[in-house]
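Predicted model, so just to flag it, every value in this text is computed and none were measured. The first residue of the sequence shown is numbered 1, and numbering continues consecutively from there.
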Amino acid sequence: MKTLFLRMKSLSLIPQNKQDQWVPITFTDTDSQTVPYLSTRAFLGIQKVVNVSETDTVDIRITRLSDNQQIGEYTLKPNAAHDLSKLQRNEKYFVEIRSTAETCVLNFVS
């Protein structure tokens with residue numbers, strides 16, 4: 001059975017002394033283990049990322065782990081989404097964020 005659609009949520013706490021730095025975020029895999037990368041088996045891969053915050057902007061940087069190639073760096077305004085069609089199924093991606101917010105919630109949607 002193929003997974004067609006999937007939504008992954010990342011809740012990240014940013015210490016006040018690191019709010020001007022890139023902070024890596026973690027995800028929970030299918031075995032409910034925390035992993036330092038974003039990956040999906042969904043048929044369409046990851047299609048977009050949504051900043052769930054109603055007040056804070058989040059910068060996001062995505063790097064493919066297999067070849068360390070930076071896929072993109074984006075600024076997400078509150079309640080905004082960004083297309084991630086370059087992210088491929090079954091690849092692993094290192095995701096970092098930077099924000100003045102203490103808490104960031106992002107939804108990655110396939």
Side-chain angles (χ1 to χ4, degrees):
M1 178 178 205
K2 293 202 182 268
T3 304
L4 295 178
F5 301 100
L6 181 66
R7 176 171 289 179
M8 291 185 292
K9 183 180 284 189
S10 173
L11 170 66
S12 299
L13 302 176
I14 303 176
Q16 285 186 339
N17 64 341
K18 294 195 175 198
Q19 289 180 337
D20 61 341
Q21 300 174 26
W22 289 104
V23 177
I25 60 177
T26 59
F27 300 89
T28 303
D29 69 7
T30 54
D31 297 323
S32 298
Q33 294 185 6
T34 300
V35 293
Y37 56 81
L38 171 66
S39 180
T40 183
R41 294 183 190 142
F43 182 70
L44 298 174
I46 302 292
Q47 296 297 304
K48 67 180 176 179
V49 59
V50 180
N51 177 8
V52 180
S53 172
E54 295 182 8
T55 57
D56 297 302
T57 298
V58 178
D59 294 326
I60 182 171
R61 181 166 61 188
I62 301 174
T63 304
R64 185 173 42 232
L65 288 177
S66 62
D67 60 3
N68 208 32
Q69 179 181 354
Q70 185 172 322
I71 302 301
E73 192 172 307
Y74 318 104
T75 297
L76 295 173
K77 294 185 178 190
N79 291 317
H82 187 80
D83 176 62
L84 294 178
S85 58
K86 293 181 182 178
L87 273 60
Q88 300 172 349
R89 180 176 180 234
N90 294 326
E91 281 281 353
K92 295 177 182 176
Y93 298 93
F94 183 65
V95 182
E96 300 168 284
I97 59 173
R98 180 174 59 194
S99 179
T100 57
E102 290 182 16
T103 304
C104 296
V105 180
L106 301 173
N107 281 338
F108 291 84
V109 183
S110 66

Polar side chain donor-acceptor pair, S85 to D83, under 3.5 angstrom
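Yes.
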Can you find a side-chain donor-acceptor pair between D56 and S99 that sits under 3.5 Å?
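Their side chains do not contain a donor-acceptor pair, so the 3.5 Å distance test is not met.
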Enter the distance from S39:OG to E91:CD here, rounded to the nearest 0.5 Å.
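S39 atom OG to E91 atom CD measures 8.0 Å (nearest 0.5 Å).
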Side-chain (N51) to main-chain (K77) donor-acceptor, under 3.5 angstrom:
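Yes, the answer is positive, given that a donor and an acceptor are paired below the 3.5 Å cut-off.
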Kindly check if the number of other-residue, nucleotide or ligand heavy atoms within 6.0 Å of CD (Q21) is above 12?
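Buried by this count: over 12 neighbours within 6.0 Å.
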Holding to side chain to side chain donor-acceptor pair (under 3.5 Å), I want the full list of residues that pass it with T55, two or more places apart in sequence or in another chain.
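None.
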Who pairs with D20 by side chain to side chain donor-acceptor pair (under 3.5 Å), at least two apart in sequence or on another chain?
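Residues passing side chain to side chain donor-acceptor pair (under 3.5 Å) with D20: none at all.
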Measuring only between side-chain heavy atoms, which start at C-beta, is [X] closer than 4.5 Å to [Y]?
X: Q70; Y: R61; result: yes
X: R64; Y: K86; result: no
X: I46; Y: Y93; result: no

Would a hydrophobic clustering, with Ile, Leu, Val, Met, Phe, Trp and Tyr connected at side-chain separations under 4.5 Å, put F108 with W22?
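The answer is no; the residues belong to distinct hydrophobic clusters.
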CA sep, side-chain torsions, deciding dist, call: T63, N68, side chain to side chain contact (heavy atoms under 4.5 Å, CB included):
CA-CA 6 Å; T63 304; N68 208 32; 3.6 Å; yes
